[in-house]
Amino acid sequence: MKELISSLNAVMGDEGLGDNLQTVRKVKQLMQSYTSHSQDWTYHAVYHEGTRYTRNLVDDGNGKYNLLILVWGENQSSPIHDHAGSHCMMKLLAGELDEDLFAWPKHDTKDSGLKLKRTAPLKTNSVAYMHDNIGLHRIGNPSSKNKAVSLHLYSPPYNMCKTFNEQTGVAAESSCSAERLTTELNAGNSSSSSSSSNRNEVATYLHTH
């Protein structure tokens, strides 16, 4: 994981992904070339039982991108959402996920609901790319038995996005900030103990499934 982060910094420099298609392709190749090993990312795989999914910050990048690890509960999914104009690169680290791709709503017609364009299954180590120019999407864990873990690169980083009602196409502002694990630096902190316990549960789970 450290090597991947170093390579991403080198490729994106001070510009992030920007509008350079060649850089986008290079970053996707880097994400594809990394083979998932749970010992690389278990530290960041914090999950709070009873939540749909968690967003855990791995690296701030160079200020032009960030890396997050998302842990998905069984049969849980994200809302349908946009990416606030940012590039999104996603690599599946463990388990399986489905991506539902939707067209943007057309509010000038009577049929204002969202149109599903396709559903694509994602397997471990596969990489997907998303941008608002492509449409909206929803990510979900189809398994009733297994959690899933994914690595997400966003360039530029963002803390707010829009979520959409599938039936009406109506959008709402939503927070999409990431959880930082800095509380673990404080010995005896109850949040630290809780995060460590949740991480250990995810690690145990991943090694037994």
Side-chain angles (χ1 to χ4, degrees), residues 17 28 31 36 41 44-59 61 65-105 112-181 195 198-199 201-202 205-206:
L17 285 177
K28 187 173 183 179
M31 297 280 279
S36 176
W41 46 260
H44 299 281
V46 174
Y47 180 72
H48 306 296
E49 205 62 48
T51 61
R52 290 190 295 178
Y53 57 94
T54 54
R55 296 168 56 87
N56 306 289
L57 183 67
V58 176
D59 192 83
Y65 79 94
N66 61 10
L67 278 176
L68 278 64
I69 279 182
L70 276 66
V71 183
W72 304 81
E74 297 86 342
N75 288 135
Q76 299 297 321
S77 64
S78 72
I80 300 169
H81 61 280
D82 71 357
H83 291 86
S86 292
H87 300 272
C88 170
M89 205 82 69
M90 177 178 67
K91 183 181 183 73
L92 189 54
L93 300 177
E96 57 182 319
L97 292 172
D98 287 337
E99 179 189 30
D100 296 328
L101 178 65
F102 294 86
W104 282 85
S112 57
L114 298 182
K115 180 182 178 181
L116 179 65
K117 299 172 69 175
R118 64 166 171 80
T119 295
L122 303 173
K123 303 300 182 183
T124 301
N125 283 313
S126 62
V127 175
Y129 171 77
M130 189 61 185
H131 190 277
D132 289 347
N133 290 337
I134 299 173
L136 311 170
H137 77 172
R138 173 176 60 207
I139 302 297
N141 178 6
S143 176
S144 61
K145 298 181 179 179
N146 300 328
K147 289 181 173 61
V149 183
S150 52
L151 178 69
H152 297 241
L153 181 150
Y154 299 105
S155 179
Y158 60 94
N159 292 317
M160 297 295 295
C161 66
K162 291 181 180 178
T163 57
F164 293 78
N165 182 292
E166 186 172 357
Q167 283 69 45
T168 66
V170 173
E173 293 288 337
S174 297
S175 172
C176 47
S177 57
E179 180 175 351
R180 294 176 179 267
L181 303 180
S195 295
N198 290 329
R199 184 188 307 108
E201 289 176 7
V202 171
Y205 175 90
L206 291 170

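Values reported hereafter were calculated over all heavy atoms of this structure, with side chains retained and with hydrogens, waters and symmetry mates removed.
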Within-4.5 Å side-chain heavy-atom neighbours: Val71 and Val46:
no

Once rounded to the nearest 0.5 Å, what's the spacing between atom NE2 of His48 and atom OG1 of Thr54?
6.0 Å

Can you tell me if Asn146 uses its side chain to pair, donor with acceptor, with the backbone of Gly95 under 3.5 Å?
no

CD1 (Ile80) and NZ (Lys162) are apart, to the nearest 0.5 Å, by 15.0 Å

Shortest non-hydrogen contact from Lys117 to Ala103?
CD-N, 3.6 Å

Once salt bridge (Lys or Arg N to Asp or Glu O under 4.0 Å) is applied, what residue pairs with a partner in residues 83-94 remain, sequence neighbours excluded?
none

Least distance between heavy atoms, Glu49 atom then Lys147 atom:
OE1-NZ, 3.7 Å

Rounded to the nearest 0.5 Å, how far does CD1 of Ile134 lie from CG of Asp132?
9.0 Å

Between Ser36 and Asn125, is there a donor-acceptor pair closer than 3.5 Å when you use the side chain of the first and the backbone of the second?
no

Kindly write out the residues that satisfy side-chain contact (heavy atoms from CB on, under 4.5 Å) with Pro105, not counting sequence neighbours, or none if the list is empty.
His107, Leu114, Leu136, Phe164

Using a distance-only test with no angle check, is there a side-chain donor-acceptor pair under 3.5 angstrom linking Tyr129 and His131?
no

Does Met90 form a side chain to side chain contact (heavy atoms under 4.5 Å, CB included) with Leu70? I'd like the steps, not just the answer.
CA-CA 10 Å; Met90 177 178 67; Leu70 276 66; over 6 Å; no

Test log, rule side chain to side chain contact (heavy atoms under 4.5 Å, CB included), inputs His87 and Tyr65:
CA-CA 9 Å; His87 300 272; Tyr65 79 94; over 6 Å; no

Gln76: what forms a side chain to side chain donor-acceptor pair (under 3.5 Å) with it, not counting sequence neighbours?
none

Heavy-atom pair with the smallest gap, counting every atom of Gly50 and Tyr47
N-OH, 4.1 Å

Rounded at 0.5 Å granularity, tell me how far CZ in Arg118 sits from CZ in Phe102.
11.0 Å

Exercise answer: donor-acceptor pairs, residues 168-178 side-chain atoms, under 3.5 Å, sequence neighbours excluded:
from	atom 1	to	atom 2	distance (Å)
Thr168	OG1	Asn165	OD1	3.3
Thr168	OG1	Val170	N	3.2
Ser174	OG	Thr163	OG1	3.0

Whether Asn66 side chain and Gly61 backbone form a donor-acceptor pair below 3.5 Å:
no

Considering non-hydrogen atoms only, spot the tightest contact between Ser78 and Tyr53 and give its length.
CA-CE2, 3.6 Å

Whether Thr119 side chain and Asp100 backbone form a donor-acceptor pair below 3.5 Å:
no

Side chains of Val149 and Trp41: closer than 4.5 Å at any heavy-atom pair?
yes

Within this structure, what is the OG-NE2 distance for the pair Ser155 and His83, rounded to the nearest 0.5 Å?
12.5 Å

Going by salt bridge (charged side-chain N to carboxylate O under 4.0 Å, His left out), name the residues that satisfy it together with Asp82, two or more places apart in sequence or in a different chain.
none

Which pair of non-hydrogen atoms, one from Leu101 and one from Met130, has the smallest distance, and what is that distance?
CD1-CE, 3.4 Å

side-chain contact (heavy atoms from CB on, under 4.5 Å) with Ser77: which residues, sequence neighbours excluded?
Arg138

Without swapping roles, check the side chain of His81 against the backbone of His137 for a donor-acceptor pair under 3.5 Å.
yes

Taking atom types as modelled, find out whether Ser143 and Trp72 have a side-chain donor-acceptor pair closer than 3.5 angstrom.
no

Can you find a heavy atom in the side chain of Met89 that is under 4.5 Å from one in the side chain of His152?
no

So how far is it from Leu97 CG to Thr124 OG1, rounded to the nearest 0.5 Å?
8.5 Å

Which pair of non-hydrogen atoms, one from Glu99 and one from Leu122, has the smallest distance, and what is that distance?
CB-CD1, 4.4 Å

Without swapping roles, check the side chain of Asn56 against the backbone of Ala45 for a donor-acceptor pair under 3.5 Å.
no

